[in-house]
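Each chain gets a letter, A, B and so on, in the order the sequences are listed, and its residues count up from 1. As the structure is a computational prediction, the values presented were derived from the model and not from experiment.
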There are 2 protein chains.
Amino acid sequence: MDAANGTRALAHPTREEILLEGVLHALSDPVRLRMVRTLAASPERLSCSSFDLPVTKSTSTHHFRVLRESGVIRQEYRGTSKMNGLRRDDLDALFPGLLDSVLAAAARQERSP
Amino acid sequence: MDAANGTRALAHPTREEILLEGVLHALSDPVRLRMVRTLAASPERLSCSSFDLPVTKSTSTHHFRVLRESGVIRQEYRGTSKMNGLRRDDLDALFPGLLDSVLAAAARQERSP
DNA sequence: CCTATCGTACGACGCTCTTCGTATTTGGAT
DNA sequence: ATCCAAATACGAAGAGCGTCGTACGATAGG
């Protein structure tokens with residue numbers, strides 16, 4: 001309503017503030033892991049509503065916030081939508097190989113019920 | 001008192017029963033992550049009392065159980081002690097690279113206050 | 001047998017988490 | 001201006017988690 005560029009501010013931890021325990025905790029929830037996998041599979045950033053999740057909107061807002069505050073994703077308003085993107089660069093710099101091995105493990109686990 | 005080898009039974013998940021979410025959750029607690037790091041640094045298995053932890057014995061029993069039931073460690077009685085070892089083979093087979101990247105990330109994070 | 005040691009069981013407390021419904025704000029479209 | 005779609009805030013219910021103290025069980029050794 002007032003900002004020059006029309007985007008509201010959104011709190012993100014800096015790269016140095018990202019903690020391993022927080023990232024692991026964020027990824028340990030099935031809904032959030034699914035969100036991260038969806039993001040990782042898309043080259044572009046996605047709006048919140050483009051996810052197909054087994055929870056209500058309230059709950060997914062909560063999970064998006066957990067992911068953002070733990071440093072796993074970056075969120076930015078764009079009009080009425082909010083675009084979400086993985087913080088791949090930061091995560092890879094801080095915890096090399098971690099994100100990829102988690103994504104690979106999730107994909108592998110999904111294939112073998 | 002009665003078993004031929006003097007060891008009581010202890011429930012462990014099979015390799016197929018180990019879930020990524022459970023492992024991530026187990027590793028997301030600072031105390032448990034410390035336990036795992038200590039185990040990873042030792043070539044031999046360690047008794048519960050050989051850990052130097054900032055919690056009481058009750059609490060560490062609880063954390064050891066979470067690690068065992070999630071499939072991260074293997075526990076076995078030996079006399080009055082209980083020996084603990086990482087399930088490296090199973091974890092590496094299920095989630096290649098995951099454990100190593102978590103351990104490396106934990107070590108890296110510790111070095112940078 | 002008695003005792004010391006190692007670990008467990010149980011219950012309790014407070015805190016956090018996941019989930020939801022409803023009311024509200026924000027910004028684009030009509 | 002009006003309406004609608006996207007997302008948030010707020011509060012609440014219910015479950016789960018981390019922590020502890022104390023009492024208990026199991027084993028080795030005197």
Once you round it to whole Å, what is the distance between [atom2] of [N] and [atom1] of [X]?
X	N	atom1	atom2	value
B/Lys57	C/dT8	NZ	P	10 Å
B/His62	C/dG7	NE2	C1'	16 Å
A/Gln75	D/dA6	CD	C1'	13 Å
A/Met83	D/dA6	CE	P	13 Å
A/Leu10	D/dA7	CG	C1'	11 Å
A/Met35	C/dT18	CE	P	11 Å
B/Leu67	D/dC17	CG	P	13 Å
B/Lys82	D/dT27	NZ	C1'	14 Å

Please evaluate residues B/Arg88 and B/Asp100 with respect to the criterion salt bridge (charged side-chain N to carboxylate O under 4.0 Å, His left out), reporting the C-alpha separation (whole Å), side-chain torsions for both, the decisive distance (0.1 Å), and the verdict.
CA-CA 10 Å; B/Arg88 263 198 176 281; B/Asp100 284 335; 3.3 Å; yes
Between the base of D/dT22 and the side chain of B/Ser58, is there any donor-acceptor pair under 3.5 Å?
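A donor-acceptor contact between them is present.
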Using the side chain to side chain contact (heavy atoms under 4.5 Å, CB included) criterion, which residues pair with B/Thr80? Sequence neighbours excluded.
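B/Thr80: no side chain to side chain contact (heavy atoms under 4.5 Å, CB included) contacts found.
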Any side-chain N or O of B/Arg65 less than 4.0 Å from the OP1 or OP2 oxygen of C/dA9?
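Checking B/Arg65 against C/dA9: at least one side-chain N or O falls below 4.0 Å of OP1 or OP2.
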Between D/dG18 and B/Thr59, is there an OP1 or OP2 to side-chain N/O distance shorter than 4.0 Å?
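False: B/Thr59 side-chain N/O out of range (4.0 Å or more) of D/dG18 OP1/OP2.
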For the CG atom on B/Asp89, are there more than 12 heavy atoms of other groups (residues, nucleotides or ligands in this structure) within a distance under 6.0 Å?
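Yes - once you tally the heavy atoms of other residues, nucleotides and ligands closer than 6.0 Å, there are more than 12.
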Close side-chain approach of B/His63 to B/Met35, heavy-atom, < 4.5 Å:
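Heavy-atom side-chain distance check passes, below 4.5 Å.
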Find out whether B/Met83 and B/Cys48 are in side-chain contact, i.e. whether some heavy atom of one side chain is under 4.5 Å from a heavy atom of the other.
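Side chain of B/Met83 against side chain of B/Cys48, heavy atoms only: no contact under 4.5 Å found.
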Nearest to the side chain of [X], which nucleotide is it out of [options]?
X	options	result
B/Arg8	D/dA7, D/dA26, C/dT18	D/dA26
A/Arg32	C/dC6, C/dT18, D/dA6	C/dT18
B/Tyr77	C/dT8, D/dT19, C/dT18	C/dT8
B/Thr80	C/dA9, D/dA26, C/dC20	D/dA26
A/His63	C/dT19, D/dA9, D/dA6	C/dT19

Check DNA chain C against residues 38-55 of chain B and give the residues with a non-hydrogen atom under 4.0 Å, in numerical order.
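Nucleic-acid contacts, sorted: B/Ser47, B/Cys48, B/Ser49.
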Indicate every side-chain donor-acceptor pair of residues 19-26 of chain A with a distance under 3.5 Å to a residue at least two apart or in another chain.
| residue | atom | partner | partner atom | Å |
| --- | --- | --- | --- | --- |
| A/Glu21 | OE1 | B/Gln109 | NE2 | 3.1 |

Do you know which of B/Leu10, B/Asp90, B/Leu67 makes side chain to side chain contact (heavy atoms under 4.5 Å, CB included) with B/Arg74?
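Option passing the side chain to side chain contact (heavy atoms under 4.5 Å, CB included) with B/Arg74: B/Asp90.
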